[in-house]
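Note sheet for the following structure.
In what follows, chains are A, B, ... by sequence order, proteins preceding strands, each numbered from 1. The shown structure was predicted, so the numbers you read here are calculated from the model rather than taken from an experiment.
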Number of protein chains: 2
Amino acid sequence: MNTPSPVRSQILDHAVTLIMLRGYNGFSYRDLSNLVGIKTASIHYYFPSKDDLVLEAVSSYSDEVLSSMNAIGDTLPADAKLSKYTKLFGKTLGDGDQICLCGMLAADIESLPDDIRQAVQAFFKANERWLTKVLIQGVEEGTLAINGKPENAARALFAAYQGSVLASRLFKTKARLEDVETTVKAVR
Amino acid sequence: MNTPSPVRSQILDHAVTLIMLRGYNGFSYRDLSNLVGIKTASIHYYFPSKDDLVLEAVSSYSDEVLSSMNAIGDTLPADAKLSKYTKLFGKTLGDGDQICLCGMLAADIESLPDDIRQAVQAFFKANERWLTKVLIQGVEEGTLAINGKPENAARALFAAYQGSVLASRLFKTKARLEDVETTVKAVR
DNA sequence: GTCTATAAGTCGATAGAC
DNA sequence: GTCTATCGACTTATAGAC
């Protein structure tokens, strides 16, 4: 287990932030150069091509978000799990100017190679799979209510979260994510 | 009523398509030059700056979509209106490689001037307002079911549509939009 | 209106010195 | 590992001839 280069980590972290801010075509090695404090040529030492960098950014972001998601744990009631998930999505907003990295790259997908598309798809699928299980649990417990199959409801729900962070940033308000959660809450 | 320049219209139409495909930072005057068959310098005659072009692209797209939306008419039952709205959103996908122009620009919003942000906001608001009325009507008629205020449900619903076209393109399938419609259908 | 020519800058990427 | 230097291509935009 060799210690990862701190410079490499800095580049990757700033790349993640920049993608969430401006997207694939909206940031450059020069931006990273200014943020990290090394020349653009040095960045190529760690990440030969921009696509290499972006692919690793997806992995890094995905690992972090999915582990937070899985850290919510199995023991909680479904509605409590969903509340934590909503908060998790709220964190991606940062200072209010960022959206989900994979949502952003989904918008940029026609400019990206296939391996990145697959990595973004994997992130979507993992979220949808997790939400499916929560919805099933919530229906059993009587705290959540859906129409149709849980798989389909989970897809629509995840899409709503993605669209909601987009709208939250557009209107510079944080409130919109809760509207999504309300959608699947059972009336008592 | 002076006839608008056909060349100008061509530029604008291709700009709309390119934005829906690759976003603000993903297309250039050169792309338009190749598509329309005139030099990039000539495009500047019609649209002095790229932001001028994009702002007009939003207006053009918005006018077309909103008029189609309003053409659905007042006399239909709410669930029928919503089905037509879903189909309308399905059309934006085109050959399967495009998303809503305003959803795309919402992703690119941190690269854009304020007047474009306001135009994109206006498109979001118009859709949310229309969906709010449909949801109210559907609840009255007993064909649609929502939680909480219609305004909030409409925001979540529109976000779900936006996220759904994103996911539809990402996974190269058209089926995901119907999952969203199912979300608000009343069980009978 | 459309062109040529050009400006002034950015882009990702590579070679090679240190 | 990080640098300087450089490449070739691309970007938006303007000036001025036709």
What nucleotide among [options] has an atom nearest to a side-chain atom of [X]?
X	options	result
A:Ala41	C:dA13, C:dT4, C:dT14	C:dT14
A:Tyr29	C:dG1, C:dG12, D:dC10	C:dG12
B:His44	D:dT12, D:dG1, D:dC10	D:dT12
B:Ser42	C:dC3, C:dC11, D:dA13	C:dC3

Between [N] ([atom2]) and [X] ([atom1]): distance, integer Å:
X	N	atom1	atom2	answer
A:Asn25	D:dC10	CG	P	15 Å
B:Lys39	D:dT11	NZ	C1'	16 Å
B:Tyr46	D:dA13	OH	C1'	18 Å
B:Leu112	D:dT12	CG	P	13 Å
A:Arg30	C:dT10	CZ	C1'	7 Å
A:Leu32	C:dA13	CG	P	12 Å
A:Leu55	C:dG12	CG	P	17 Å
A:Ile43	C:dT14	CD1	C1'	15 Å

Open item on the list: Pairing donors with acceptors under 3.5 angstrom, does anything connect the side chains of B:Ser60 and B:Asp63?
Closed with: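 Side chains of B:Ser60 and B:Asp63: no pair found under 3.5 Å.
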- [ ] Describe the nucleic acid contact of B:Phe27 in one word from base, sugar-phosphate, nothing, applying a heavy-atom distance below 4.0 Å.
- [x]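 If one applies the 4.0 Å heavy-atom cut-off, B:Phe27 turns out to touch the sugar-phosphate alone, with no base involved.
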Open item on the list: Considering every strand and a 4.0 Å limit on heavy-atom distances, what is the contact class for B:Ser49: base, sugar-phosphate, or nothing?
Closed with: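 Sugar-phosphate, no base atom in range.
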Open item on the list: Are the side chains of A:Leu144 and A:Val134 in contact, using a 4.5 Å heavy-atom criterion?
Closed with: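 In contact.
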Task: Pairing of A:Glu56 and A:Arg8 as salt bridge, 4.0 angstrom limit - done: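 Salt bridge: yes.
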Open item on the list: Regarding B:Lys149 and A:Asp179, does a basic nitrogen lie under 4.0 Å from an acidic carboxylate oxygen?
Closed with: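 No salt bridge links B:Lys149 with A:Asp179.
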TODO: Would you indicate, yes or no, if C:dT2 has its OP1 or OP2 atom less than 4.0 angstrom from a side-chain nitrogen or oxygen of B:Tyr45?
DONE: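 No, because none of the side-chain N or O atoms of B:Tyr45 sits under 4.0 Å from OP1 or OP2 of C:dT2.
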- [ ] Output yes when at least one side-chain N/O atom of B:Ser28 is less than 4.0 Å from OP1 or OP2 of D:dT11, else no.
- [x]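 Checking D:dT11 against B:Ser28, a side-chain N or O does come within under 4.0 Å of OP1 or OP2.
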TODO: Take B:Gly37 and A:Phe47, find for each the nucleotide of DNA chain C with the closest heavy atom, and name the residue whose nucleotide sits nearer the 5' end.
DONE: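 It is B:Gly37, whose closest nucleotide lies nearer the 5' terminus.
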TODO: Identify, between A:Asp51 and B:Ser5, the residue whose nearest nucleotide on DNA chain C lies closer to the 5' end.
DONE: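 Looking at DNA chain C, the more 5' nearest nucleotide goes with B:Ser5.
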- [ ] Would you check if the distance from the ring center of A:Phe47 to the ring center of A:Tyr29 is below 6.0 Å?
- [x]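 Between A:Tyr29 and A:Phe47, which both carry aromatic rings, the centre distance is not below 6.0 Å.
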